[in-house]
Amino acid sequence: MSSAPQSRPWDVHRLPSAEGRNFLVTGGNAGIGYFTAEQLAATGALVVVGSRNPAKADAALASIRSRVPGARVRHLHLDLADLSTLKSAVDGLALDVGRLDAVVHNAGVALDDPPRRETEDGHELMFGTNHLGHYALTRWLAPLLSAAPAGRVVTVGSFAARSERLDLDDLQSTRDYRPKRTYGRSKLAQMCFGFELDRRLRAVGSTVLSVVAHPGGALDSLTPSRPPVSTSTPGERMRGLPAALMVQGKDAGAWPVVRAVLDSDVQGGQLWGPRVFGLRGRPRREPVPAHMADPAVAAHLWAASAELTGTTDPHLGFR
């Protein structure tokens with residue numbers, strides 16, 4: 001009796017076709033988001049680059065088209081720091097087939113220095129953009145994702161979130177603002193959201209999956225140039241070589257995200273990251289750290305997020 005055929009190992013350089021599918025990548029004009037969009041475009045899918053900066057988005061689209069013959073890419077004006085604009089932005093998607101097969105929650109703000117800054121809605125900028133903006137965006141995308149045969153929400157976290165813990169009494173760092181810690185906590189909030197969203201999707205029997213991925217350690221100096229989106233000089237690349245033993249470029253940092261979008265074996269509630277110490281290498285499934293999957297913390301965060309974004313549906317519109 002012959003055994004069942006084994007599926008071909010995942011190859012980051014030979015991605016499966018996704019022709020006929022529609023993907024939205026927030027912050028797809030730069031960094032991990034750009035390379036996610038470029039790699040997804042090579043599958044034949046329509047890739048929508050969400051960006052608040054039209055000039056940067058146009059540069060990203062031109063770069064993708066120059067590297068992916070026949071790429072189907074376009075820009076959606078999207079400002080996650082202004083919650084009042086998100087519904088109209090989603091209305092502007094105007095997808096011919098009326099469905100979205102996956103959204104990649106990638107866009108993010110990272111500040112290195114004080115002072116503390118706020119969004120249009122008065123929320124701390126990193127928490128407000130990275131977490132609350134994506135939380136609210138998910139609500140408006142829910143009908144389009146639910147209309148897909150197997151929609152996915154892929155939330156891009158960060159290795160920095162491993163060492164952070166949420167302060168549930170000070171989610172917006174009003175009492176003690178330290179930029180790097182606030183950034184790490186905003187990414188942790190995103191990851192907690194991704195895991196809690198999957199629990200809620202399962203509770204209502206939704207066909208949509210929520211998956212979390214992170215890029216590991218991804219440095220500009222190890223990233224191939226994509227002018228005018230990003231460039232690195234030979235000297236910068238040379239100086240970055242010693243770090244390549246432990247980390248990688250942003251093109252490789254996109255691999256776990258792309259696999260979380262495309263791989264039919266990926267399941268909801270999973271975490272995907274680089275193979276080597278979670279910092280570099282090809283994508284693999286990782287154990288979910290306990291502090292990211294704590295239901296009590298997630299429930300508190302969810303309730304606070306709903307209040308801060310004015311969202312009343314506990315399942316964000318999924319059925």
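These values consider heavy atoms only, across backbone and side chains, with no hydrogens, waters or symmetry-generated copies. All residue numbers in this chain count up from 1 along the given sequence.
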With a 4.5 Å cut-off on side-chain heavy atoms, are [Y] and [X] touching?
X	Y	result
Ser225	Ser230	no
Thr182	Ser186	no
Ser305	Leu132	yes
Arg116	Thr174	yes
Val229	Asn29	no
Leu137	Val90	yes
Pro215	Phe159	no
Leu46	Leu95	yes

Under 3.5 Å, side chain of [X] to main-chain N/O of [Y], donor-acceptor pair present?
X	Y	result
His315	Gly317	no
Ser210	Gly194	yes
Glu196	Phe193	no
Arg139	Thr312	no
Asn106	Val25	no
Ser206	Arg202	no
Asn130	Val109	yes
Arg65	Val73	yes
Gln248	Gly281	yes
Asp170	Arg175	yes

Answer with yes or no whether the hydrophobic clustering places [X] together with [Y]; edges join I, L, V, M, F, W, Y residues whose side-chain heavy atoms lie under 4.5 Å apart.
X	Y	value
Leu197	Leu144	yes
Leu166	Val288	yes
Val257	Val47	yes
Leu100	Val154	no
Val49	Val261	yes

Quiz item: Any chance the side chains of Ser51 and His77 put a donor and an acceptor closer than 3.5 Å?
Solution: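 Absent: no donor and acceptor within the cut-off.
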Exercise. State whether a side-chain donor-acceptor pair under 3.5 Å links His134 with Thr26.
Key: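 Judged by distance alone, the side chains do pair up.
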Quiz prompt | side chain to side chain contact (heavy atoms under 4.5 Å, CB included) evaluation trace for Leu15 with Trp10 | solution = CA-CA 8 Å; Leu15 299 175; Trp10 186 263; 3.7 Å; yes
[atom1]-[atom2] distance between [X] and [Y], expressed to the nearest 0.5 angstrom:
X	Y	atom1	atom2	answer
Leu171	His300	CG	NE2	5.5 Å
Leu262	Phe23	CG	CZ	5.0 Å
His123	Leu83	NE2	CG	6.5 Å
Leu78	Leu76	CG	CG	5.5 Å
Arg165	His291	CZ	NE2	4.0 Å
Trp272	Arg259	CH2	CZ	4.0 Å

Quiz item: Checking salt bridge (charged side-chain N to carboxylate O under 4.0 Å, His left out) against Glu164, which of Lys180, Arg185, Arg181, Arg178 comes through?
Solution: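 Exactly one option meets the salt bridge (charged side-chain N to carboxylate O under 4.0 Å, His left out) with Glu164, and it is Arg185.
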Exercise. Carefully, step by step, assess His105 and Val153 under the rule side chain to side chain contact (heavy atoms under 4.5 Å, CB included).
Key: CA-CA 7 Å; His105 286 334; Val153 178; 3.6 Å; yes
What are the two closest non-hydrogen atoms of [X] and [Y], and how far apart are they?
X	Y	answer
Tyr34	Ser63	OH-OG, 2.6 Å
Leu209	Val266	CD1-O, 3.8 Å
Gly133	Leu86	O-CD1, 3.6 Å
His75	Ala57	CD2-CB, 3.3 Å
Ala299	Arg200	CA-NH2, 4.4 Å
Cys192	Leu301	CB-CD2, 3.9 Å

Salt bridge check, [Y] against [X]: does any charged N sit closer than 4.0 Å to a carboxylate O?
X	Y	value
Arg162	Glu286	yes
Asp313	Arg319	yes
Asp251	Arg226	no
Glu19	Arg21	no
Arg99	Asp101	yes

Practice problem: With side chain to side chain contact (heavy atoms under 4.5 Å, CB included) as the test, would you mind laying out the steps for Arg152 and Leu145 before giving the verdict? | Solution: CA-CA 7 Å; Arg152 293 189 188 185; Leu145 290 162; over 6 Å; no
Quiz item: When the ring planes of Trp302 and Tyr135 are compared, do they come out parallel, tilted or perpendicular, using 30° and 60° as the limits?
Solution: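 The arrangement is perpendicular - the two ring planes meet at more than 60°.
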Exercise. Would you please indicate yes or no on a ring centroid separation below 6.0 angstrom for Trp255 and Phe35?
Key: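 No, too far apart.
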Quiz item: With a cut-off of 6.0 Å (strictly less than), are more than 12 heavy atoms of other residues, nucleotides or ligands near CG of Asp11?
Solution: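 Buried by this count: over 12 neighbours within 6.0 Å.
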Practice problem: Report the C-alpha distance between Tyr183 and Asp112 in whole Å, list the side-chain angles of each, state the deciding distance to 0.1 Å, and finish with yes or no for side chain to side chain contact (heavy atoms under 4.5 Å, CB included). | Solution: CA-CA 9 Å; Tyr183 171 76; Asp112 293 325; over 6 Å; no
